Amino acid sequence: MAAPTMDRPTSAAPAPVQTLTIAKALNNGLRASMEANRKVLVMGEDVGKLGGVFRITDGLQKDFGEQRVLDTPLSESGIIGTAVGLAIRGYRPVCEIQFDGFIFPGFDQIVSQVAKLHYRTQGRLKLPMVIRVPFGGGIGAVEHHSESPESYFAHTAGLRVVTCSNPADAYWMIQQAIDCDDPVLFFEPKRRYYEKGEVDTTAAPGPLFRSRTLRTGRDVTVVTYGPMVRTSLDAAAAAEEEGRSLEVIDLRTLSPLDLAPVYESVRRTGRLVVVTEAPGESSISSEIAAKVQQECFYSLQAPVLRVTGFDTPYPPSKLEEEFLPDLDRVLHAVDRSLAW
Amino acid sequence: MTNNMATTTIEMAPDGADHISPPADADLATMLLIRHFELALLDLFARGELHGTTHTCLGQEYVPVALVPLLAERDYVFSNHRGHGHYIARFGDPAGLLAEIMGREGAVCNGVGGSQHIFRDRYLSTGVQGESLPVAAGVALHLKRHEPGALALTYIGDGTWGEGAVYEALNMAALWRLPLLVVVEHNGIAQSTATGAQMAGTIRARAAAFGIAHLRVENSSLTEIRATAGPLVERVRDGAPLVLEFVTHRLGPHSKGDDTRTDAELRQVRAADWHALYSEALGERFAEADAIAAARVTRLVDEVAARPPAVWSKA
């Protein structure tokens with residue numbers, strides 16, 4: 001490729017397929033949305049000059065200005081509430097919540113305003129806003145930088161909740177979420193931010209609110225999302241060496257759940273293991289177990305098993321490897337399912 | 001963005017029959033309409049015709065009426081749980097509101113919102129304390145950029161100052177110089193807890209901490225309120241947020257039948273009620289207007305109650 005010159009910017013023809021980290025893919029996706037639509041704003045704590053703690057908004061303020069990339073006070077309720085006001089007036093705000101544990105001061109706005117205004121006004125008010133949340137542990141951080149709060153939001157009618165697990169989804173799903181006229185909670189697996197993958201910038205892999213089968217298999221279905229997708233794929237590769245064939249489905253959307261591919265898969269394999277980093281009690285994993293037993297009762301050869309974080313607060317970082325589900329725990333559940 | 005606003009604090013004279021300037025007929029009619037509307041709601045509840053809950057603004061009716069000429073159609077109004085007066089003063093539409101509360105045809109939000117969740121044009125209410133402040137700040141940010149000169153008003157009570165969202169929004173409003181007008185209906189009691197038992201310090205000092213102008217109004221005379229508040233509200237339009245505190249009185253219970261005040265306390269509240277002061281100051285003219293408003297609300301209740309149920313629709 002020729003060296004760039006002053007009058008020939010390099011951005012003229014980006015390669016259609018690029019190898020990117022999830023972090024860079026999100027950054028590029030945000031940039032693409034901001035270029036496509038002037039109504040898109042980014043706001044949050046330290047998202048401007050710093051580019052966010054994880055640099056997901058790196059360079060956006062420099063390129064789009066302080067009017068479109070707002071550094072806010074440490075005020076999660078204020079950030080989300082202000083975004084509601086901006087969305088009412090036609091903006092498409094993208095709020096960054098710095099860490100999962102910081103979303104709780106904004107919970108009131110999310111549950112009582114973001115989730116309900118569309119319903120209360122019977123659709124006359126739309127809230128096209130995205131709340132980005134880096135979530136999950138595995139980075140050696142403290143409790144409130146390592147939590148998986150997605151089930152709270154999936155439990156709340158009126159919110160859409162999605163999570164990406166790879167760079168291609170990160171690039172496209174963030175843009176699709178911004179385009180969505182409903183409020184979207186967008187959970188980003190922070191310990192996977194720097195994992196790389198190919199991103200085809202010319203075509204989206206599919207619609208936003210669809211799950212996807214990442215690996216087909218015959219023996220056991222494994223359903224997962226976010227940071228546990230990589231763990232589950234690794235488990236499937238290891239199982240294959242022992243002659244066991246796992247089907248791995250990435251949910252991608254947690255509300256609404258897209259379980260049709262899961263039902264279809266379980267009717268073939270007769271066995272399901274649900275893998276989440278979040279604790280299992282009253283959670284997305286329990287919801288999936290309930291629905292699958294209802295829809296696939298006569299196909300099941302074993303009870304639906306779950307591999308989840310423990311029902312405790314997130315532990316100190318030196319203990320997190322004991323807390324986080326890993327390849328061994330997934331394979332153990334697969335063994336138990338097959339041995340039933 | 002630096003904040004170099006000067007803090008303004010103005011105190012208006014305390015109430016008294018001598019201070020009531022004769023109001024315009026239309027203003028008096030609206031105040032009395034709200035009074036009888038609220039009384040009718042309590043009566044409907046007592047008769048089992050209404051369900052759920054409601055919070056009446058008995059004693060505070062003059063506040064939104066005083067603000068009417070200071071606001072423009074392009075201004076946003078965010079109301080709270082005690083918002084019937086706010087709605088009626090803005091739209092003059094008691095039928096739409098009553099239908100909303102009763103779930104009848106013609107309801108502002110098809111009966112989905114009820115008493116506390118109303119959306120119409122640039123008016124939005126919510127029942128959770130303090131929640132609308134950040135939303136109003138967001139709307140104010142949009143107005144500042146795209147409709148300069150317009151403002152966002154949010155009504156709160158003295159009890160609302162216990163909520164953290166208030167301070168997050170005041171901070172942003174001062175920092176970003178937003179056209180945000182916070183109207184405080186300080187009625188001295190948060191549900192059943194007296195202000196002195198739930199608020200340390202003063203609203204004035206809290207506004208001052210953010211460098212936000214503050215005006216305390218202890219008068220229920222519309223002319224005086226407008227003359228004093230008007231210039232400060234105009235400054236809001238230029239990006240100088242204002243806390244406009246009305247010292248007022250909640251005549252009725254917080255909701256229904258949950259008033260823990262003593263007879264002596266209630267006597268004191270009733271003696272300070274604008275209705276009594278206006279009646280004394282205006283005599284026969286007041287009595288006639290009061291009777292007309294009462295009759296209008298009686299007819300309204302009969303007419304709305306006879307309507308078929310509201311039908312939910314999809315936009």
Side-chain angles (χ1 to χ4, degrees), chain A residues 38-39 41 43-45 48 65-68 70-95 102 104-129 131 157-158 181-183, chain B residues 1 76 78 100 107-114 116-147 150 152 154 163-176 178 180 210 310-315:
Chain A
R38 293 192 52 79
K39 295 288 188 186
L41 301 182
M43 55 196 295
E45 296 159 8
E66 290 183 10
Q67 296 274 307
R68 293 187 66 196
L70 286 80
D71 274 321
T72 67
L74 308 187
S75 307
E76 288 78 10
S77 179
I79 294 165
I80 295 167
T82 310
V84 170
L86 290 165
I88 284 173
R89 296 297 306 145
Y91 276 119
R92 305 184 90 87
V94 181
C95 306
F102 297 170
F104 302 116
F107 199 67
D108 165 46
Q109 287 291 340
I110 297 174
V111 171
S112 295
Q113 303 261 51
V114 176
K116 295 196 176 115
L117 279 171
H118 185 272
Y119 164 81
R120 282 182 196 146
T121 63
Q122 300 218 293
R124 286 182 292 151
L125 275 184
K126 294 195 186 306
L127 290 184
M129 58 187 281
I131 301 172
D181 280 342
D182 296 329
Chain B
M1 283 180 276
Y76 255 87
F78 290 86
E100 180 65 30
V108 194
C109 297
N110 293 337
V112 180
Q116 301 178 62
H117 295 118
I118 303 287
F119 170 61
R120 176 173 170 179
D121 304 331
R122 295 189 167 198
Y123 180 100
L124 183 65
S125 67
T126 187
V128 180
Q129 293 294 311
E131 225 176 46
S132 67
L133 254 92
V135 179
V139 165
L141 177 56
H142 175 271
L143 295 175
K144 179 188 171 84
R145 289 186 182 182
H146 299 281
E147 298 182 33
T154 177
E163 298 289 351
V166 171
Y167 305 92
E168 296 193 11
L170 287 180
N171 184 47
M172 289 163 130
L175 204 59
W176 296 342
L178 301 181
L180 179 70
F210 292 98
V311 177
W312 289 24
S313 64
K314 197 173 173 192

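Below, chains carry the letters A, B, ... as their sequence lines are ordered, and counting in each starts from 1. Values in this document were obtained by computation on a predicted structure and should not be read as measured data.
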Exercise for the section: Please report the shortest heavy-atom distance between A:Asp71 and B:Trp176, naming the atom on each side. Expected result: O-CZ2, 3.8 Å
Exercise for the section: Please tell me if the side chains of B:Tyr167 and A:Pro73 come closer than 4.5 Å, counting only heavy atoms from C-beta onward. Expected result: no
Practice task
Please round to the nearest 0.5 Å and tell me the distance separating atom CZ of B:Arg122 and atom CD1 of A:Ile88.
Solution key: 11.5 Å
Fill in the blank from the handout: Rounding to 0.5 Å, atoms CZ (A:Arg120) and CD (B:Gln116) come to a distance of 9.5 Å
Fill in the blank from the handout: Bottom line for A:Leu70: the part with an atom under 4.5 Å from chain B's heavy atoms is side chain
Fill in the blank from the handout: Here the pair of heavy atoms bringing B:Val139 nearest to A:Gly85 is CG2-O, 3.4 Å
Completion exercise
Closest heavy-atom pair, B:Ala137 versus A:Thr82, reported as atoms and distance to 0.1 Å, is C-CG2, 4.2 Å
Practice task
Could you tell me the separation between the CH2 atom of B:Trp312 and the CD atom of A:Gln122, rounded to the nearest 0.5 Å?
Solution key: 6.5 Å
Practice task
Assess whether atom CZ of B:Arg145 is packed by more than 12 heavy atoms of other residues, nucleotides or ligands within 6.0 Å.
Solution key: yes
Fill in the blank from the handout: Interatomic distance, CG@A:Leu41 vs CG@B:Leu141, rounded to 0.5 Å, equals 8.0 Å
Handout entry: Residue selection (most heavy-atom pairs with chain A, distance under 4.5 Å) from B:Leu133, B:Asn171, B:Thr126
Key = B:Thr126
Handout entry: Nearest heavy-atom neighbours spanning B:Gly138 and A:Leu86
Key = O-CD2, 3.3 Å
Problem - B:Leu124, part contacting chain A, at a heavy-atom distance under 4.5 Å - result: side chain
Practice task
For A:Ser77 and B:Ala165, work out which heavy atoms get closest and say how close.
Solution key: OG-CB, 3.8 Å
Completion exercise
So, the part of A:Glu76 with a heavy atom under 4.5 Å from chain B: the answer is backbone
Practice task
Report the distance from atom NE2 of B:His117 to atom CG of A:Leu117, rounding to the nearest 0.5 Å.
Solution key: 8.5 Å
Exercise for the section: For the pair B:Glu131 (side chain) and A:Gln109 (backbone), establish whether a donor and an acceptor sit closer than 3.5 Å, ignoring hydrogens and angles. Expected result: no
Problem - Residues B:His146 and A:Tyr91: side-chain donor-acceptor under 3.5 angstrom - result: yes
